[in-house]
Amino acid sequence: MDKIEITGGIRLHGEVTISGAKNAVLPIMTAAILSSGENIIKNVPNLRDVMTMGKLLAHLGFGFHLEDNQVLLQTQKVTSIEAPYDFVKTMRASVLVLGPLLARSGKARVSLPGGCAIGARPINLHIKGLEKMGAKITLSEGYIEATAKQLKGAAIYFDIPTVTGTENLMMAAALAKGTTLIENAACEPEVVDLANALISMGADIQGAGTSIIKITGVNKLRPLDYTVIPDRIETATFIAAAAITHGDIKINKCRPEHLEAVINKMKEAGVKITQKNDKLIIKGPERLSSIDIKTMPHPGFPTDMQAQFMAMMAIADGTSLITENIFENRFMHIAELKRMGADLQVEGSTATVKGVKTLTGAPVMATDLRASASLVVAALAAQGITVIDRVYHLDRGYERIENKLSLLGAKIRRIK
Ligand code: EPZ
(Lines give C-alpha, C1' and ligand atoms only; values in the text may rest on other atoms or scores of the structure.)
Protein backbone atom coordinates (compact mmCIF):
# COMPACT_ATOMS: atom_id res chain seq x y z
CA MET A 1 0.00 0.00 0.00
CA ASP A 2 1.26 3.45 -0.97
CA LYS A 3 2.00 6.04 1.69
CA ILE A 4 2.35 9.80 1.42
CA GLU A 5 5.05 11.67 3.36
CA ILE A 6 4.56 15.40 4.04
CA THR A 7 7.01 17.80 5.71
CA GLY A 8 4.80 20.52 7.15
CA GLY A 9 5.27 24.20 7.97
CA ILE A 10 5.57 25.46 4.38
CA ARG A 11 3.28 28.27 3.23
CA LEU A 12 1.58 27.21 -0.05
CA HIS A 13 1.88 29.62 -2.97
CA GLY A 14 1.24 29.42 -6.72
CA GLU A 15 -1.61 28.15 -8.90
CA VAL A 16 -3.65 24.95 -9.02
CA THR A 17 -6.22 23.74 -11.58
CA ILE A 18 -9.29 21.86 -10.41
CA SER A 19 -10.25 18.53 -12.02
CA GLY A 20 -13.73 17.30 -12.98
CA ALA A 21 -16.17 16.44 -10.18
CA LYS A 22 -16.02 12.81 -9.00
CA ASN A 23 -19.60 12.88 -7.71
CA ALA A 24 -20.88 14.27 -11.00
CA VAL A 25 -18.96 11.98 -13.37
CA LEU A 26 -20.01 8.76 -11.58
CA PRO A 27 -23.79 9.21 -12.12
CA ILE A 28 -23.21 10.71 -15.59
CA MET A 29 -21.29 7.55 -16.58
CA THR A 30 -24.27 5.40 -15.53
CA ALA A 31 -26.62 7.73 -17.46
CA ALA A 32 -24.93 6.40 -20.63
CA ILE A 33 -26.74 3.09 -19.95
CA LEU A 34 -29.97 4.87 -20.95
CA SER A 35 -28.81 5.27 -24.55
CA SER A 36 -27.40 2.91 -27.19
CA GLY A 37 -24.35 4.25 -29.00
CA GLU A 38 -21.03 6.04 -28.57
CA ASN A 39 -20.98 8.25 -25.47
CA ILE A 40 -18.21 10.77 -24.71
CA ILE A 41 -17.76 12.49 -21.35
CA LYS A 42 -15.16 15.27 -20.98
CA ASN A 43 -13.27 16.88 -18.08
CA VAL A 44 -13.21 13.48 -16.36
CA PRO A 45 -10.78 13.19 -13.42
CA ASN A 46 -8.39 10.23 -13.54
CA LEU A 47 -9.50 8.62 -10.26
CA ARG A 48 -9.75 5.10 -8.82
CA ASP A 49 -13.53 5.47 -8.54
CA VAL A 50 -13.82 6.39 -12.23
CA MET A 51 -11.81 3.27 -13.15
CA THR A 52 -13.99 1.15 -10.85
CA MET A 53 -17.17 2.51 -12.45
CA GLY A 54 -15.65 1.91 -15.90
CA LYS A 55 -14.87 -1.71 -15.02
CA LEU A 56 -18.40 -2.20 -13.71
CA LEU A 57 -19.88 -0.80 -16.95
CA ALA A 58 -17.53 -3.05 -18.95
CA HIS A 59 -18.85 -5.97 -16.86
CA LEU A 60 -22.37 -5.02 -18.03
CA GLY A 61 -21.15 -5.39 -21.64
CA PHE A 62 -20.22 -1.80 -22.49
CA GLY A 63 -16.97 -0.58 -24.07
CA PHE A 64 -15.08 1.68 -21.65
CA HIS A 65 -12.01 3.79 -22.41
CA LEU A 66 -10.46 6.56 -20.26
CA GLU A 67 -7.77 8.72 -21.88
CA ASP A 68 -6.73 12.39 -21.59
CA ASN A 69 -9.49 13.07 -19.08
CA GLN A 70 -12.15 11.81 -21.51
CA VAL A 71 -14.32 8.72 -21.11
CA LEU A 72 -15.64 6.82 -24.12
CA LEU A 73 -18.55 4.48 -23.43
CA GLN A 74 -19.98 2.19 -26.15
CA THR A 75 -23.44 1.22 -24.87
CA GLN A 76 -24.85 -0.64 -27.89
CA LYS A 77 -25.29 -3.94 -26.05
CA VAL A 78 -26.12 -5.02 -22.48
CA THR A 79 -24.72 -8.51 -21.81
CA SER A 80 -25.24 -8.58 -18.04
CA ILE A 81 -27.67 -6.88 -15.67
CA GLU A 82 -25.70 -7.72 -12.55
CA ALA A 83 -23.53 -5.40 -10.41
CA PRO A 84 -21.54 -7.94 -8.35
CA TYR A 85 -20.61 -7.50 -4.71
CA ASP A 86 -16.90 -7.12 -5.59
CA PHE A 87 -17.60 -3.83 -7.37
CA VAL A 88 -20.26 -2.51 -5.02
CA LYS A 89 -18.26 -3.20 -1.84
CA THR A 90 -15.35 -1.09 -3.12
CA MET A 91 -17.55 1.72 -4.37
CA ARG A 92 -21.09 2.38 -3.13
CA ALA A 93 -21.80 4.60 -6.12
CA SER A 94 -22.13 1.32 -8.08
CA VAL A 95 -25.77 1.32 -6.94
CA LEU A 96 -26.26 4.09 -9.52
CA VAL A 97 -26.61 1.40 -12.22
CA LEU A 98 -29.88 0.24 -10.63
CA GLY A 99 -32.21 2.93 -12.02
CA PRO A 100 -30.72 3.05 -15.54
CA LEU A 101 -30.62 -0.78 -15.90
CA LEU A 102 -34.27 -1.02 -14.85
CA ALA A 103 -35.21 1.72 -17.33
CA ARG A 104 -33.24 0.17 -20.19
CA SER A 105 -33.48 -3.61 -19.64
CA GLY A 106 -36.43 -3.95 -17.26
CA LYS A 107 -34.30 -5.84 -14.77
CA ALA A 108 -31.26 -5.46 -12.52
CA ARG A 109 -29.43 -7.53 -9.92
CA VAL A 110 -27.33 -5.21 -7.76
CA SER A 111 -25.45 -6.18 -4.62
CA LEU A 112 -26.53 -4.33 -1.51
CA PRO A 113 -23.65 -1.91 -0.84
CA GLY A 114 -23.11 -2.85 2.77
CA GLY A 115 -21.88 -0.24 5.22
CA CYS A 116 -18.74 1.81 4.97
CA ALA A 117 -16.42 3.65 7.34
CA ILE A 118 -18.71 6.68 7.67
CA GLY A 119 -22.00 4.91 8.31
CA ALA A 120 -24.63 2.29 7.50
CA ARG A 121 -25.68 4.23 4.38
CA PRO A 122 -28.85 2.30 3.54
CA ILE A 123 -30.52 2.61 0.13
CA ASN A 124 -34.10 2.06 1.31
CA LEU A 125 -35.22 5.36 -0.25
CA HIS A 126 -33.83 4.34 -3.67
CA ILE A 127 -35.79 1.06 -3.44
CA LYS A 128 -39.02 2.66 -2.17
CA GLY A 129 -38.97 5.18 -5.02
CA LEU A 130 -38.40 2.55 -7.71
CA GLU A 131 -41.23 0.42 -6.25
CA LYS A 132 -43.52 3.45 -6.50
CA MET A 133 -42.59 3.53 -10.20
CA GLY A 134 -43.79 -0.06 -10.57
CA ALA A 135 -40.57 -2.03 -10.01
CA LYS A 136 -40.81 -5.41 -8.23
CA ILE A 137 -37.89 -5.57 -5.83
CA THR A 138 -36.82 -8.48 -3.65
CA LEU A 139 -33.67 -8.89 -1.56
CA SER A 140 -31.91 -12.24 -1.67
CA GLU A 141 -28.37 -13.34 -0.71
CA GLY A 142 -27.29 -9.75 -0.27
CA TYR A 143 -28.54 -8.76 -3.71
CA ILE A 144 -31.34 -6.48 -4.82
CA GLU A 145 -33.31 -8.26 -7.55
CA ALA A 146 -35.44 -5.73 -9.45
CA THR A 147 -37.78 -6.17 -12.43
CA ALA A 148 -40.05 -3.69 -14.18
CA LYS A 149 -41.63 -4.37 -17.57
CA GLN A 150 -42.30 -0.67 -17.96
CA LEU A 151 -41.50 1.89 -15.26
CA LYS A 152 -44.24 4.45 -14.86
CA GLY A 153 -44.21 8.00 -13.56
CA ALA A 154 -45.01 8.46 -9.86
CA ALA A 155 -45.04 11.08 -7.11
CA ILE A 156 -42.08 10.30 -4.82
CA TYR A 157 -41.31 11.96 -1.49
CA PHE A 158 -37.88 11.46 0.11
CA ASP A 159 -37.84 11.44 3.93
CA ILE A 160 -34.20 12.57 3.61
CA PRO A 161 -32.77 14.42 0.57
CA THR A 162 -30.55 11.58 -0.74
CA VAL A 163 -28.03 12.55 -3.46
CA THR A 164 -27.65 9.18 -5.24
CA GLY A 165 -31.29 8.36 -4.45
CA THR A 166 -32.35 11.48 -6.37
CA GLU A 167 -29.93 10.56 -9.18
CA ASN A 168 -31.09 6.92 -9.44
CA LEU A 169 -34.73 7.94 -9.65
CA MET A 170 -34.13 10.82 -12.05
CA MET A 171 -32.44 8.37 -14.46
CA ALA A 172 -35.19 5.74 -14.04
CA ALA A 173 -37.88 8.39 -14.65
CA ALA A 174 -36.21 9.73 -17.82
CA LEU A 175 -37.51 6.71 -19.81
CA ALA A 176 -40.59 5.92 -17.70
CA LYS A 177 -44.11 6.21 -19.00
CA GLY A 178 -45.60 9.48 -17.73
CA THR A 179 -44.44 12.12 -15.30
CA THR A 180 -42.45 11.64 -12.09
CA LEU A 181 -42.28 14.20 -9.29
CA ILE A 182 -39.44 13.89 -6.77
CA GLU A 183 -40.12 15.93 -3.64
CA ASN A 184 -37.48 16.74 -1.02
CA ALA A 185 -34.95 15.97 -3.77
CA ALA A 186 -31.24 16.63 -3.19
CA CYS A 187 -30.09 20.01 -4.57
CA GLU A 188 -26.34 19.32 -4.86
CA PRO A 189 -24.58 20.78 -7.97
CA GLU A 190 -23.72 17.20 -9.01
CA VAL A 191 -27.46 16.39 -9.18
CA VAL A 192 -27.89 19.45 -11.43
CA ASP A 193 -24.96 18.33 -13.60
CA LEU A 194 -26.55 14.89 -14.06
CA ALA A 195 -29.87 16.54 -14.96
CA ASN A 196 -28.10 18.74 -17.53
CA ALA A 197 -26.36 15.67 -18.97
CA LEU A 198 -29.70 13.84 -19.24
CA ILE A 199 -31.32 16.91 -20.84
CA SER A 200 -28.46 16.98 -23.38
CA MET A 201 -29.48 13.38 -24.22
CA GLY A 202 -33.08 14.51 -24.82
CA ALA A 203 -34.62 14.01 -21.36
CA ASP A 204 -37.38 16.31 -20.13
CA ILE A 205 -36.38 17.43 -16.61
CA GLN A 206 -37.40 20.58 -14.75
CA GLY A 207 -36.47 21.86 -11.30
CA ALA A 208 -33.08 20.18 -10.80
CA GLY A 209 -31.25 22.14 -8.08
CA THR A 210 -34.49 22.73 -6.19
CA SER A 211 -36.22 20.27 -3.84
CA ILE A 212 -38.94 19.47 -6.39
CA ILE A 213 -37.83 17.85 -9.66
CA LYS A 214 -40.29 17.00 -12.44
CA ILE A 215 -39.28 14.39 -15.02
CA THR A 216 -41.50 13.60 -18.03
CA GLY A 217 -40.51 10.27 -19.57
CA VAL A 218 -39.46 10.12 -23.24
CA ASN A 219 -39.20 7.07 -25.54
CA LYS A 220 -35.54 7.28 -26.40
CA LEU A 221 -32.38 9.14 -25.39
CA ARG A 222 -29.40 9.90 -27.61
CA PRO A 223 -25.82 9.15 -26.53
CA LEU A 224 -23.95 11.58 -24.27
CA ASP A 225 -21.51 14.24 -25.41
CA TYR A 226 -21.04 16.16 -22.16
CA THR A 227 -18.43 18.09 -20.14
CA VAL A 228 -18.50 17.58 -16.36
CA ILE A 229 -18.39 20.45 -13.83
CA PRO A 230 -15.26 21.06 -11.70
CA ASP A 231 -15.03 19.33 -8.34
CA ARG A 232 -16.25 21.67 -5.59
CA ILE A 233 -14.87 19.46 -2.78
CA GLU A 234 -11.42 19.35 -4.37
CA THR A 235 -11.66 23.16 -4.67
CA ALA A 236 -12.66 23.50 -1.01
CA THR A 237 -9.86 21.13 0.03
CA PHE A 238 -7.29 23.40 -1.65
CA ILE A 239 -8.86 26.45 0.03
CA ALA A 240 -8.37 24.62 3.35
CA ALA A 241 -4.74 23.81 2.46
CA ALA A 242 -3.97 27.49 1.75
CA ALA A 243 -5.95 28.61 4.80
CA ILE A 244 -4.09 26.35 7.25
CA THR A 245 -0.59 27.15 5.91
CA HIS A 246 -1.00 30.96 5.85
CA GLY A 247 -0.64 30.47 2.09
CA ASP A 248 -1.41 32.57 -0.97
CA ILE A 249 -2.74 30.55 -3.93
CA LYS A 250 -4.82 30.94 -7.06
CA ILE A 251 -7.35 28.24 -7.91
CA ASN A 252 -8.23 27.92 -11.61
CA LYS A 253 -11.18 26.27 -13.37
CA CYS A 254 -13.50 26.18 -10.37
CA ARG A 255 -17.16 27.14 -9.76
CA PRO A 256 -17.29 29.43 -6.68
CA GLU A 257 -21.08 29.53 -6.89
CA HIS A 258 -21.10 25.82 -5.87
CA LEU A 259 -19.31 26.68 -2.61
CA GLU A 260 -21.14 29.61 -1.03
CA ALA A 261 -21.51 28.00 2.42
CA VAL A 262 -17.84 26.95 2.50
CA ILE A 263 -16.57 30.33 1.25
CA ASN A 264 -18.68 32.18 3.86
CA LYS A 265 -17.32 30.00 6.68
CA MET A 266 -13.74 30.33 5.41
CA LYS A 267 -14.10 34.15 5.39
CA GLU A 268 -15.49 34.05 8.94
CA ALA A 269 -12.39 32.06 9.93
CA GLY A 270 -10.23 34.90 8.58
CA VAL A 271 -9.36 33.58 5.12
CA LYS A 272 -9.19 36.28 2.42
CA ILE A 273 -11.04 35.03 -0.65
CA THR A 274 -11.53 36.99 -3.87
CA GLN A 275 -13.32 35.61 -6.90
CA LYS A 276 -12.82 36.34 -10.59
CA ASN A 277 -15.08 34.24 -12.88
CA ASP A 278 -13.76 30.65 -12.60
CA LYS A 279 -10.81 31.64 -10.42
CA LEU A 280 -10.42 32.06 -6.66
CA ILE A 281 -7.55 33.89 -4.91
CA ILE A 282 -7.00 32.52 -1.39
CA LYS A 283 -4.88 34.21 1.29
CA GLY A 284 -4.59 32.36 4.61
CA PRO A 285 -4.31 34.47 7.81
CA GLU A 286 -1.45 34.35 10.32
CA ARG A 287 -3.81 32.50 12.64
CA LEU A 288 -7.29 31.19 11.86
CA SER A 289 -10.25 32.21 14.02
CA SER A 290 -12.35 29.37 15.44
CA ILE A 291 -15.93 29.17 14.18
CA ASP A 292 -18.76 26.66 14.47
CA ILE A 293 -20.16 24.60 11.57
CA LYS A 294 -23.05 22.18 11.13
CA THR A 295 -23.11 19.97 8.02
CA MET A 296 -26.36 20.13 6.05
CA PRO A 297 -27.69 19.11 2.63
CA HIS A 298 -26.81 21.59 -0.15
CA PRO A 299 -26.80 24.58 -0.06
CA GLY A 300 -25.71 24.08 3.56
CA PHE A 301 -22.13 23.31 4.62
CA PRO A 302 -21.19 20.04 2.82
CA THR A 303 -20.46 16.96 4.94
CA ASP A 304 -17.60 16.18 2.50
CA MET A 305 -15.72 19.21 3.85
CA GLN A 306 -16.31 18.55 7.58
CA ALA A 307 -13.08 16.63 8.16
CA GLN A 308 -10.88 19.09 6.26
CA PHE A 309 -12.44 22.02 8.13
CA MET A 310 -11.83 20.28 11.45
CA ALA A 311 -8.11 20.07 10.60
CA MET A 312 -8.09 23.85 10.12
CA MET A 313 -9.94 24.49 13.40
CA ALA A 314 -7.44 22.26 15.25
CA ILE A 315 -4.92 25.13 15.13
CA ALA A 316 -7.39 28.04 15.13
CA ASP A 317 -7.51 30.61 17.91
CA GLY A 318 -10.26 29.51 20.32
CA THR A 319 -12.81 26.69 20.46
CA SER A 320 -15.06 25.48 17.62
CA LEU A 321 -18.09 23.20 17.61
CA ILE A 322 -18.40 20.94 14.55
CA THR A 323 -21.69 19.08 14.15
CA GLU A 324 -22.08 16.27 11.60
CA ASN A 325 -25.76 15.96 10.69
CA ILE A 326 -25.59 13.77 7.59
CA PHE A 327 -23.66 10.61 8.53
CA GLU A 328 -23.66 8.85 11.89
CA ASN A 329 -19.98 7.95 11.96
CA ARG A 330 -18.04 10.55 10.06
CA PHE A 331 -15.53 11.31 12.82
CA MET A 332 -12.94 8.62 11.98
CA HIS A 333 -10.34 11.34 11.35
CA ILE A 334 -10.52 12.52 14.97
CA ALA A 335 -8.38 9.71 16.42
CA GLU A 336 -5.70 10.38 13.79
CA LEU A 337 -5.77 14.17 14.27
CA LYS A 338 -5.34 13.58 18.01
CA ARG A 339 -2.14 11.67 17.26
CA MET A 340 -0.89 14.89 15.67
CA GLY A 341 -1.66 16.83 18.85
CA ALA A 342 -5.17 18.12 18.15
CA ASP A 343 -7.37 18.75 21.21
CA LEU A 344 -10.72 17.20 20.22
CA GLN A 345 -13.66 15.88 22.24
CA VAL A 346 -16.70 14.15 20.73
CA GLU A 347 -20.18 14.27 22.26
CA GLY A 348 -22.68 12.45 20.00
CA SER A 349 -22.65 14.17 16.59
CA THR A 350 -20.73 17.22 17.81
CA ALA A 351 -16.97 17.56 18.11
CA THR A 352 -15.46 20.27 20.32
CA VAL A 353 -12.21 21.51 18.82
CA LYS A 354 -9.90 23.46 21.13
CA GLY A 355 -7.32 25.25 18.95
CA VAL A 356 -3.70 24.40 19.80
CA LYS A 357 -0.63 26.42 18.81
CA THR A 358 0.63 23.85 16.34
CA LEU A 359 0.22 20.23 15.32
CA THR A 360 3.17 17.85 15.13
CA GLY A 361 3.87 15.38 12.36
CA ALA A 362 3.17 11.70 13.11
CA PRO A 363 2.55 8.39 11.34
CA VAL A 364 -1.25 8.32 10.71
CA MET A 365 -3.75 6.17 8.79
CA ALA A 366 -6.43 7.14 6.29
CA THR A 367 -9.80 5.51 6.97
CA ASP A 368 -11.98 7.03 4.24
CA LEU A 369 -11.70 9.52 1.41
CA ARG A 370 -12.34 12.82 3.16
CA ALA A 371 -10.67 11.75 6.40
CA SER A 372 -7.50 11.21 4.36
CA ALA A 373 -7.89 14.69 2.85
CA SER A 374 -8.15 16.10 6.37
CA LEU A 375 -4.89 14.39 7.36
CA VAL A 376 -3.16 15.92 4.32
CA VAL A 377 -4.43 19.38 5.29
CA ALA A 378 -3.27 18.90 8.88
CA ALA A 379 0.13 17.55 7.80
CA LEU A 380 0.77 20.60 5.59
CA ALA A 381 0.65 22.81 8.70
CA ALA A 382 2.18 20.40 11.24
CA GLN A 383 5.75 20.80 12.47
CA GLY A 384 7.84 17.92 11.19
CA ILE A 385 7.08 14.87 9.07
CA THR A 386 3.72 13.09 8.71
CA VAL A 387 3.41 9.74 6.94
CA ILE A 388 -0.14 8.87 5.88
CA ASP A 389 -0.84 5.18 5.30
CA ARG A 390 -3.57 3.61 3.12
CA VAL A 391 -3.62 6.52 0.66
CA TYR A 392 -5.69 4.46 -1.77
CA HIS A 393 -8.58 6.20 0.00
CA LEU A 394 -7.16 9.53 -1.19
CA ASP A 395 -6.67 8.28 -4.76
CA ARG A 396 -10.40 7.54 -4.98
CA GLY A 397 -11.31 11.21 -5.02
CA TYR A 398 -8.23 13.37 -5.69
CA GLU A 399 -6.41 13.38 -9.03
CA ARG A 400 -2.59 13.52 -8.60
CA ILE A 401 -2.89 15.41 -5.30
CA GLU A 402 0.80 15.15 -4.50
CA ASN A 403 1.72 16.71 -7.89
CA LYS A 404 -0.77 19.54 -7.42
CA LEU A 405 0.42 20.21 -3.86
CA SER A 406 4.14 20.09 -4.78
CA LEU A 407 3.42 22.63 -7.55
CA LEU A 408 2.14 24.82 -4.70
CA GLY A 409 5.46 24.43 -2.86
CA ALA A 410 4.48 21.62 -0.47
CA LYS A 411 7.19 19.15 0.54
CA ILE A 412 5.29 15.94 -0.28
CA ARG A 413 6.20 12.57 -1.78
CA ARG A 414 4.54 9.22 -2.39
CA ILE A 415 6.26 6.17 -0.90
CA LYS A 416 5.46 3.10 -3.03
C1 EPZ B 1 -23.40 11.18 -1.84
O2 EPZ B 1 -23.49 9.95 -1.15
C3 EPZ B 1 -21.92 11.39 -2.12
N4 EPZ B 1 -21.42 10.30 -2.98
C5 EPZ B 1 -21.15 11.44 -0.80
O6 EPZ B 1 -19.80 11.73 -1.11
C7 EPZ B 1 -21.71 12.58 0.05
O8 EPZ B 1 -21.05 12.60 1.29
C9 EPZ B 1 -23.21 12.37 0.26
O10 EPZ B 1 -23.87 12.26 -1.03
C11 EPZ B 1 -23.86 13.50 1.04
O12 EPZ B 1 -23.66 14.70 0.35
C13 EPZ B 1 -21.68 10.35 -4.32
O14 EPZ B 1 -22.32 11.27 -4.81
C15 EPZ B 1 -21.11 9.24 -5.14
P16 EPZ B 1 -27.01 10.37 0.63
P17 EPZ B 1 -24.95 9.27 -0.93
O18 EPZ B 1 -27.84 9.29 0.03
O19 EPZ B 1 -25.82 9.56 -2.07
C20 EPZ B 1 -29.31 8.56 4.34
C21 EPZ B 1 -17.49 11.48 -1.00
O22 EPZ B 1 -16.72 11.71 -0.07
N23 EPZ B 1 -29.98 7.69 3.36
O24 EPZ B 1 -27.24 11.78 0.19
O25 EPZ B 1 -24.70 7.83 -0.57
C26 EPZ B 1 -27.80 8.24 4.45
O27 EPZ B 1 -27.60 7.19 5.36
C28 EPZ B 1 -18.81 10.76 -0.75
O29 EPZ B 1 -17.30 11.82 -2.20
C30 EPZ B 1 -30.96 6.81 3.82
O31 EPZ B 1 -31.25 6.73 5.01
O32 EPZ B 1 -25.47 10.03 0.36
C33 EPZ B 1 -27.23 9.56 4.92
O34 EPZ B 1 -27.36 9.63 6.32
C35 EPZ B 1 -18.89 10.28 0.67
N36 EPZ B 1 -31.60 6.00 2.91
C37 EPZ B 1 -28.14 10.61 4.26
O38 EPZ B 1 -29.33 9.90 3.85
C39 EPZ B 1 -31.31 6.06 1.55
O40 EPZ B 1 -31.94 5.31 0.77
C41 EPZ B 1 -27.55 11.27 3.03
O42 EPZ B 1 -27.06 10.23 2.20
C43 EPZ B 1 -30.31 6.95 1.12
C44 EPZ B 1 -29.66 7.76 2.04
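All ligand and atom numbering here is 1-based and tracks the order in the structure.
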Atom indices of ligand 1 within 4.0 angstrom of [X] heavy atoms, with elements:
X: Lys22; value: 21 (C), 29 (O)
X: Ile123; value: 39 (C), 40 (O)
X: His126; value: 40 (O)
X: Leu125; value: 36 (N), 39 (C), 40 (O)
X: Arg370; value: 21 (C), 22 (O), 29 (O)
X: Thr303; value: 8 (O), 11 (C), 12 (O)

Structural part of [X] in contact with ligand 1, heavy atom criterion under 4.0 angstrom:
X: Ile326; value: both
X: Ile160; value: side chain
X: Leu369; value: side chain

May I ask you to check whether Tyr143 and Tyr85 place their ring centres under 6.0 Å from each other?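 That pair fails the under 6.0 Å test.
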Looking only at non-hydrogen atoms, which of Arg330, Glu324, Glu188 approaches atom 35 (C) of ligand 1 most closely?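 Checking each option, the heavy atom nearest atom 35 (C) of ligand 1 is found in Arg330.
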Which one of Ala120, Pro122, Pro113 has a non-hydrogen atom at the shortest distance from atom 27 (O) of ligand 1? Pro122
Here's a test for you: under side chain to side chain donor-acceptor pair (under 3.5 Å), which of Asn325, Asp304, Asp368, Thr295 qualifies with Arg330?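 Going through Asn325, Asp304, Asp368, Thr295 one by one, the side chain to side chain donor-acceptor pair (under 3.5 Å) with Arg330 is satisfied by Asp304 alone.
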